[in-house]
Amino acid sequence: MENRKCLECDEKVVGRIDKKFCSDYCRNSYNNKVDKESKNLIRNTNNRLRKNYKILSALNTLGKTKTTRRKLFDKGFDFKFITAIYTTKTGNTYYYVYDQGYLELENEWFLLVKQE
């Protein structure tokens with residue numbers, strides 16, 4: 001029987017033939033290191049989307065309301081992070097963060113909507 005070593009700490013692995021780690025700690029540590037950079041990008045993007053969603057939800061309690069660009073910026077809204085774009089037949093473009101959306105109006109005003 002061959003000596004198997006833990007992929008994380010090189011200790012001897014005891015147990016099933018397909019076991020790769022000596023403990024749960026080593027397994028978690030190893031998997032947290034794999035693709036760390038792409039995981040950070042995904043985590044940061046999801047955090048921005050979550051923040052944008054919370055801002056839109058807090059400002060749009062009635063399902064449809066108006067607000068200003070300044071109010072969105074002051075709360076930390078980032079216009080670069082959206083999940084969908086919807087263009088109506090009349091040419092209006094709505095930007096969505098999940099089910100919360102906004103339409104840019106004139107003079108720095110925005111119409112906030114909730115998709116049903």
Q: Would you check, one step at a time, whether the test side-chain contact (heavy atoms from CB on, under 4.5 Å) holds for R48 with K51?
A: CA-CA 5 Å; R48 291 301 313 155; K51 184 174 183 179; 3.3 Å; yes
Q) Can you list the steps and then say if K5 with V13 is a side-chain contact (heavy atoms from CB on, under 4.5 Å)? A) CA-CA 5 Å; K5 295 192 179 229; V13 175; 5.6 Å; no
Q: Could you give me the CA-CA distance, side-chain angles and deciding distance for I85 and T93, then say whether side-chain contact (heavy atoms from CB on, under 4.5 Å) is met?
A: CA-CA 7 Å; I85 298 174; T93 303; 3.5 Å; yes
Q: Test E8 against K20 for salt bridge (Lys or Arg N to Asp or Glu O under 4.0 Å), laying out the working first.
A: CA-CA 9 Å; E8 179 66 16; K20 298 177 183 176; over 6 Å; no
(Q) Test side-chain contact (heavy atoms from CB on, under 4.5 Å) on R69 and F110; report intermediate values, then the result. (A) CA-CA 7 Å; R69 179 181 296 272; F110 287 85; 3.4 Å; yes
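In this structure, the side chains of L103 and V113 stay at 4.5 Å or more apart for every pair of heavy atoms. Considering only heavy atoms from C-beta on, L105 comes within 4.5 Å of K66 through its side chain. You'll find the side chain of Y98 stays beyond 4.5 Å of the side chain of L56, heavy atoms only.
No continuous path of ILVMFWY side-chain contacts below 4.5 Å connects V97 to Y94, so the two sit in separate hydrophobic clusters. A single hydrophobic cluster is not seen to contain both Y95 and Y86; linkage of ILVMFWY side chains at heavy-atom distances under 4.5 Å, directly or through other members, places them apart. Linking Ile, Leu, Val, Met, Phe, Trp and Tyr residues whenever their side-chain heavy atoms come within less than 4.5 Å leaves V34 and I42 in two separate clusters. V14 and L7 fall into different hydrophobic clusters, defined by Ile, Leu, Val, Met, Phe, Trp and Tyr side-chain heavy atoms under 4.5 Å apart, directly or through other members.
A donor-acceptor pair under 3.5 Å is absent between the side-chain atoms of N92 and the main chain of T88, judged by distance alone.
A pairwise comparison of heavy atoms in C6 and C22 identifies SG-N, 3.5 Å as the closest pair. W109 and T67 get closest at one heavy-atom pair: CE3-O, 3.3 Å. Nearest heavy atoms, Y96 versus I82: O-CB, 3.4 Å.
Checked by atom type, the side-chain pair R43/N46 shows no donor-acceptor distance below 3.5 Å.
For OH of Y30, the number of neighbouring non-hydrogen atoms (other residues, nucleotides, ligands) closer than 6.0 Å is 12 at most. Residue K39 places its NZ atom among more than 12 non-hydrogen atoms of other residues, nucleotides or ligands, all under 6.0 Å distant.
Going from atom CG of N28 over to atom NZ of K33 covers 12.0 Å, rounded to the nearest 0.5 Å. Atoms CD1 and CZ, on I17 and R4 in that order, are 5.5 Å from each other to the nearest 0.5 Å. Note that CG of D99 is 5.0 Å distant from NZ of K114, once rounded to the nearest 0.5 Å. Expressed to the nearest 0.5 Å, how far NZ of K80 lies from OG1 of T45 amounts to 10.5 Å. Note that NZ of K19 is 11.0 Å distant from CZ of F21, once rounded to the nearest 0.5 Å.
In this pair, F79 and Y102 present their aromatic rings perpendicular. The plane angle is above 60°, beyond the 30 to 60° band.
A salt bridge links R27 with D24; the closest basic N to acidic carboxylate O contact falls under 4.0 Å.
The residue from N52, I55, L59, N60 that alone fulfils the side chain to side chain contact (heavy atoms under 4.5 Å, CB included) condition with Q100 is N60.
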